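The structure appears right after this line, and notes come after that.
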Amino acid sequence: MKRGWAGFTLIELMIVVAIVGILAAIAYPSYTDSVRKGRRAEATTALYGIQLAQEKWRANKEKYGKLADVWGGVTTTEGGYYTLDIPLADITATGYKATATAVAGKSQVDDKAAGVSCTPLTINASGPVITTQAACWNRN
């Protein structure tokens with residue numbers, strides 16, 4: 001009675017490694033894009049929160065407030081991927097401009113939607129400032 005070898009050959013193992021490598025090369029960029037999109041949602045949520053806080057502030061004051069006044073001095077999003085700002089020059093009795101800019105050195109700087117950079121994201125008293133960044137504010 002002849003016994004055969006149990007196990008894999010080197011060729012079979014290399015084929016499996018190649019297939020796993022190809023699948024990883026396809027899946028990883030999709031995964032990182034999905035993670036960046038989730039982090040972008042963190043920035044848009046913060047900006048919408050600032051917009052609500054500004055309207056509450058303005059209901060009781062003569063003009064819109066600084067970030068420290070309306071947002072409690074918090075200058076980054078919860079995950080720390082975006083820096084929040086309301087430039088003093090952009091605060092008036094009738095409006096303001098708040099921005100969320102990706103922190104340099106973090107992967108969020110490379111965030112793009114429909115080929116357009118999603119940093120900085122900007123909102124004002126009227127809502128999101130959408131010039132070429134409509135896809136960045138899309139919730140899909």
Side-chain angles (χ1 to χ4, degrees):
M1 190 151 111
K2 189 175 183 184
R3 292 184 63 182
W5 290 94
F8 301 103
T9 66
L10 184 58
I11 298 287
E12 291 170 332
L13 185 61
M14 293 307 293
I15 290 171
V16 170
V17 168
I19 290 171
V20 169
I22 291 168
L23 290 175
I26 293 169
Y28 185 72
S30 295
Y31 169 74
T32 57
D33 286 344
S34 182
V35 168
R36 285 185 187 124
K37 187 175 179 181
R39 291 177 184 154
R40 185 184 333 136
E42 179 181 297
T44 58
T45 300
L47 288 173
Y48 283 128
I50 289 171
Q51 185 181 37
L52 290 172
Q54 280 285 27
E55 294 306 323
K56 183 178 176 183
W57 179 269
R58 177 66 178 94
N60 298 309
K61 309 288 183 200
E62 61 187 44
K63 68 179 191 173
Y64 288 101
K66 300 178 289 190
L67 185 64
D69 295 333
V70 299
W71 203 240
V74 177
T75 59
T76 60
T77 56
E78 190 175 327
Y81 291 96
Y82 286 88
T83 301
L84 303 170
D85 188 29
I86 302 174
L88 291 176
D90 294 331
I91 299 173
T92 66
T94 58
Y96 63 91
K97 183 173 78 174
T99 60
T101 306
V103 173
K106 294 198 176 186
S107 66
Q108 208 60 25
V109 173
D110 298 327
D111 186 24
K112 289 182 173 42
V116 176
S117 176
C118 291
T119 186
L121 293 169
T122 306
I123 199 167
N124 62 24
S126 300
V129 177
I130 299 173
T131 51
T132 58
Q133 293 182 327
C136 297
W137 287 91
N138 192 353
R139 294 178 189 231
N140 293 328

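Counting begins at 1 with the first residue of the sequence. Everything numeric in this text was worked out from a predicted model, so none of it was measured.
- Between Ile86 and Ile50, some side-chain heavy-atom pair lies under the 4.5 Å cut-off.
- Checked against salt bridge (charged side-chain N to carboxylate O under 4.0 Å, His left out), Asp90 has the following partners two or more places apart in sequence or in another chain: Lys97.
- The shortest side-chain heavy-atom distance between Thr77 and Leu84 falls under the 4.5 Å cut-off.
- For Gln51, there are no side-chain hydrogen bond (donor to acceptor under 3.5 Å, both in side chains) partners two or more places apart in sequence or in a different chain.
- Under the rule for a side-chain contact (heavy atoms from CB on, under 4.5 Å), the partners of Val74 that lie at least two apart in sequence or sit in another chain are Trp71.
- A heavy-atom distance below 4.5 Å is not found between the side chains of Thr101 and Asp85.
- By the ring-ring contact (aromatic ring centres under 6.0 Å, His included) test, Tyr96 is found to be paired with Tyr64, residues two or more places apart in sequence or in another chain being considered.
- Closest heavy-atom contact between Leu47 and Thr122: CD1-N, 4.3 Å.
- In this structure, the side chains of Tyr48 and Pro128 come closer than 4.5 Å at one or more pairs of heavy atoms.
- Remark: Lys106 NZ is packed, more than 12 non-hydrogen atoms of other residues, nucleotides or ligands lying under 6.0 Å away.
- Residues Asp110 and Thr32 have side chains not in contact (no heavy-atom distance under 4.5 Å, counting atoms from C-beta outward).
- The 12-atom threshold is not exceeded at CD of Glu78, counting heavy atoms of other residues, nucleotides or ligands nearer than 6.0 Å.
- If you take NZ on Lys63 and CD on Gln54, they are separated by 11.0 Å, rounding to the nearest 0.5 Å.
- Of all the heavy atoms in Ser117 and Cys136, the pair that sits closest is O-SG, 4.0 Å.
- Ile19 pairs with exactly one of Ile22, Leu23, Val16, Val17 by the side chain to side chain contact (heavy atoms under 4.5 Å, CB included) rule, that one being Leu23.
- Counting heavy atoms from C-beta outward, Val103 and Gln108 have side chains that stay 4.5 Å or more apart.
- Under the side-chain contact (heavy atoms from CB on, under 4.5 Å) criterion, Val35 pairs with Tyr31, Arg39, not counting sequence neighbours.
- Legend: residues meeting side-chain hydrogen bond (donor to acceptor under 3.5 Å, both in side chains) with Arg36, ordered by chain and number and at least two apart, are absent.
- Cluster membership for Val70 and Ile91, using ILVMFWY side-chain heavy atoms within less than 4.5 angstrom, is shared.
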